[in-house]
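To start, the structure itself, in structure tokens.
Counting starts at 1 for both ligands and their atoms, following the listed order. Residue numbers start at 1 and run along the sequence shown. Values in this document were obtained by computation on a predicted structure and should not be read as measured data.
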Amino acid sequence: MKMRLSLYLKFILGYLAFGLLGFVTISTLSSRMMYAHQVDETAAALYDEANLIAGAYSSVYRGSGQDLNSAYSQLQAVAEFVRSEIWVVNRQGIVVVDSSRSARSGTEIQGFDPAAMGSRSYMISDYYGQFPYEVLSVSAPITGNYNTYGYVLLHMPVSQIYEISSRSLNVVYIAAAILFVLSLIILLVFTKTVYFPLKKITAGANEYASGNLKHQIDVHSRDEMGYLAATLNYMSGELDKMEEYQRNFIANVSHDFRSPLTSIKGYLEAIIDGTIPPELYEKYLTRVIAETERLTKLTQGMLTLNTLDSKGYLSRTNFDINRVIKDTAASFEGTCTAKGITFELTFSEAVLMVYADLGKVQQVLYNLIDNAIKFSYPDSAIEIQAYTRNEKIFVSVKDRGIGIPRDSVKKIWERFYKSDQSRGKDKRGTGLGLAIVKEIIQAHGENIDVVSTEGVGSEFIFSLPKAGNL
Ligand code: ADP
């Protein structure tokens, strides 16, 4: 809970920090830049103005223009326009004309130095103590006939420049504020695409942790979040299946062990308490042995599956599958003659070499033939074929017997699956045989399939890799 809150909090804090830093940047860096720019701009404009005025005064001095006094009102208008004071100063530093009409005319500027501005075209100062505040001053010489008659000086209060620059700064502030508000969109997008899905995913993870594996995380966006949710859903589904499988497995194992144990116990008790007379001992003890054998078979089957499960590696060799089929079929001779069953073996070639685990393939054939015999009608034939197709060797075991009902065809591969017939007629079935067969074939990277018609028979076909000519 705490963690989820803090992610959002962090993002909001980051957002606020972004706003604050943005504001500080504008108010310091931008305002300074804006002011410096404004000073340059104003100084250049004033300097142009000063030169224009100086040009006009140059003709006055040479006597070709109006006199100083008639130029005065013009000067005032210009001063008003450029919002500065305009002075005309002679070479000695005595103010000749002053647009502000303050009683400065005739005063001498102490320490006046026309070269003081140096290469810079302006200076910012109180201009030799003439102003009680800071002014931006520019000057232009009045020249004519290779003479400098005096200077035109323009003074603008620095406060005015500040005012102008801060006015343009306001525009920047407003733009920044709008940008800040617009960037809320990022926050909204983050909330919708990351925060809410993440909240659901975290809640789902908590459900899984507390054991509710059926929970589905309801995030279906086509992005990383959706992918993460789908992966988690898949994972929990698999875990759930596994759990269910394990429950079933234990139920099946317990059941399969209990019934033989119950009958063994029953027979032995009956022998001890005399219900079974000694002359029948042999009959019942034979049954006890049969049950014990069933238990052994069950345990062996489970062990086999377990080793296959844990990727018990295959020890592959090249061998002739025809030979293995013949040998395995021969080992069933006794059972077959009792039931009147015959084998029909067909090989497409005299020798069919495969690359596989011999012992495990023997087990596959054994289980398939065992089933075929179990479920065959008496006095029928079991066909076993081996042939090459598409660079693989196929083996088929086909019986004429009871077949498999359509709705159980898929289930026969499950561990402990037994048809009712198998339970009733043949109590020695474990339901593990085909599960083992499938595991072995899959471990070889091959497939096994079944075609069956109820009441007609079944055919199991599996493939094996051909021996390479390495
Ligand atoms: P088991 O034979 O010990 O019962 P299997 O795993 O070998 O266990 O087989 C599972 C089930 O598949 C059998 O109980 C039976 O119903 C069905 N089955 C397998 N092979 C055949 C077959 N050749 N003909 C009909 N049914 C079969």
Mark up the atoms of ligand 1 that fall under 4.0 Å of a heavy atom belonging to [X], in ascending order.
X	value
I412	10 (C), 12 (O), 17 (C)
G403	25 (C), 26 (N)
I404	25 (C), 26 (N), 27 (C)
G433	5 (P), 6 (O), 7 (O)
K374	1 (P), 2 (O), 3 (O)

Report yes or no: do Y208 and S236 form a side-chain donor-acceptor pair below 3.5 Å?
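Yes - a donor-acceptor pair under 3.5 Å links their side chains.
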
Any N or O on [X] sitting closer than 3.5 Å to an N or O of ligand 1?
X	result
L434	yes
K418	no
G431	yes

- request: Write down the atom of I325, the atom of V395, and the distance for their closest heavy-atom approach.
  value: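 Taking I325 first and V395 second, the nearest heavy atoms are CD1-CG1, 4.0 Å.
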
task: Heavy atoms only: give me the nearest V138-A50 pair and the separation to one decimal.
output: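 The answer is CG2-CB, 4.3 Å.
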
Is [X] close enough to touch ligand 1? Criterion: a residue heavy atom under 4.0 Å from a ligand atom.
X	value
K411	no
S458	yes
W413	no
N367	no

May I ask you to say whether [X] pairs ionically with [Y], meaning some side-chain N is under 4.0 Å from a carboxylate O?
X	Y	result
E439	R415	yes
R287	E291	no
K214	E207	no

Using the ring of each side chain (for Trp, its six-membered ring), is F18 parallel, tilted or perpendicular to F180, with breaks at 30° and 60°?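 If you compare the ring of F18 with that of F180, the planes turn out parallel.
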
Query - All salt bridge (charged side-chain N to carboxylate O under 4.0 Å, His left out) counterparts of R247, not counting sequence neighbours - result: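 Partners of R247 under the salt bridge (charged side-chain N to carboxylate O under 4.0 Å, His left out) test: E243.
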
For this session: Could you list the residues that satisfy ring-ring contact (aromatic ring centres under 6.0 Å, His included) with F190, not counting sequence neighbours?
Result: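 Per chain and number, F190 pairs via ring-ring contact (aromatic ring centres under 6.0 Å, His included) with F11.
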
Fill in: Contact partition for L368 relative to ligand 1, non-hydrogen atoms under 4.0 Å
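It is neither; nothing of L368 touches ligand 1.
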
